[in-house]
Amino acid sequence: MRTAFISHPVCQQHDTGSAHPECARRLSAIEDQFITTGLRDALRYVDAPEATAEQLLRVHTRTHVETVSAMIPDSGYARLDPDTIVSPYSLAAAFRAAGALIAAVDLVAAGEMDSAFCAVRPPGHHAESNRAMGFCLFNNIAVGAAHALEAHDVGKVAILDFDVHQGNGTEEIFADDDRVLFCSTFQHPFYPFTPVPPNTANRVNVPLDALAKSEEFRAAVTDHWIPAIERFEPEMIFVSAGFDAHVADDMSHVRLTDADYRWVSEQIVDVASGSATGRIVSTLEGGYELNSLARCVETHVRTLMGIQTPQPATGLE
Ligand SMILES: [Zn+2]
């Protein structure tokens with residue numbers, strides 16, 4: 001399988017302060033892991049372009065884009081909400097993070113690549129059409145999904161979100177769009193504390209208890225996500241890949257392991273091989289414990305590539 005790895009150096013210049021979990025070291029840990037394991041040489045690296053205003057405005061209001069832009073300080077830091085800190089390079093990083101999804105969709109829709117992984121920050125799935133929140137400025141995956149639907153011959157997409165936090169922004173943006181199936185697993189009740197609406201043919205929210213482990217997570221995917229995806233028959237699959245449900249990640253209480261991230265990646269590849277003809281665009285959301293983040297992203301990308309993943313040597317099976 002041909003898999004693109006899309007990022008941009010400015011994503012590491014989005015400075016959130018010395019004590020913030022959503023930090024530049026997340027991306028350098030992933031890059032180090034890819035170099036150490038030799039995976040870097042097997043991937044096609046692509047520099048993320050900047051998303052255009054037109055591409056952002058498919059999912060965000062003009063007021064939102066202008067407000068975020070106006071809040072960026074010339075020096076030091078500013079807060080868009082209690083958790084969401086921006087600094088001079090944050091806007092450039094946010095435009096590249098959203099642009100990575102545009103490039104990913106263009107490559108995959110054209111058949112040039114089978115799949116793509118976007119290693120970007122700031123993350124995106126909490127950003128609503130008119131609100132930045134939860135470390136997110138623009139909703140990167142929504143920008144990508146809208147691009148597939150508006151600029152390519154793609155009629156229906158599924159967005160699968162396994163971050164431990166509910167993807168409220170993605171859900172809000174596509175709430176009334178029957179071309180989009182949104183499937184999510186998340187710790188509940190938990191941040192973002194937004195209401196979890198009832199499931200529909202286009203929305204499959206599966207809340208997980210705070211102490212959920214592999215069994216509950218895998219049952220959610222097997223019993224709820226997969227049947228919904230098979231019924232919906234998406235033509236391209238998007239993944240909000242957050243790794244903060246890992247047992248080593250103290251951002252949440254859910255206790256997934258490396259093996260669970262390999263397993264869910266395999267399930268996604270398997271279901272994408274049907275109506276979506278294997279087309280997958282995945283992007284980094286959360287994941288704050290650097291060692292498990294780096295390992296699990298490697299596993300996820302190897303699975304997209306169809307390369308057998310080595311057994312983790314962590315004893316976390
Ligand atoms: Zn998260």
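Reckoned from all heavy atoms, side chains included, excluding hydrogens, waters and symmetry mates. In this chain, numbering begins with 1 at the start of the sequence shown. Whatever order the structure lists them in is the order used to number ligands and atoms, beginning at 1.
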> Are there more than 12 heavy atoms of other residues, nucleotides or ligands under 6.0 Å from atom OH of Tyr191?
Replying inline: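 Check passes, neighbour count above 12.
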>> Is it the case that over 12 heavy atoms from other parts of the model lie below 6.0 angstrom from the CG atom of Asn130?
In response: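 Correct, the count exceeds 12.
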> Does Glu285 put an N, O or S atom under 2.8 Å from the Zn ion (ligand 1)?
Replying inline: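 Checking the Zn ion (ligand 1) against Glu285, no N, O or S atom falls under 2.8 Å.
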>> Taking N, O or S atoms only and a limit of 2.8 Å, check whether His125 reaches the Zn ion (ligand 1).
In response: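 So His125 does not count as coordinating the Zn ion (ligand 1).
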> What is the OD2(Asp163)-the Zn ion (ligand 1)-OD2(Asp244) angle, to the nearest 10 degrees?
Replying inline: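 Between OD2 of Asp163 and OD2 of Asp244, at the Zn ion (ligand 1), the angle is about 90°.
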> Does Ser273 use its side chain to pair, donor to acceptor, with the backbone of Asp270 at less than 3.5 Å?
Replying inline: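 Between the backbone of Asp270 and the side chain of Ser273 there is a qualifying donor-acceptor contact (under 3.5 Å).
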> So which of the N, O or S atoms of His165 lies nearest the Zn ion (ligand 1)?
Replying inline: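 Nearest N/O/S atom of His165: ND1.
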> How are the rings of Phe243 and His300 set relative to one another: parallel (under 30°), tilted (30 to 60°) or perpendicular (over 60°)?
Replying inline: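 Phe243 and His300: perpendicular rings.
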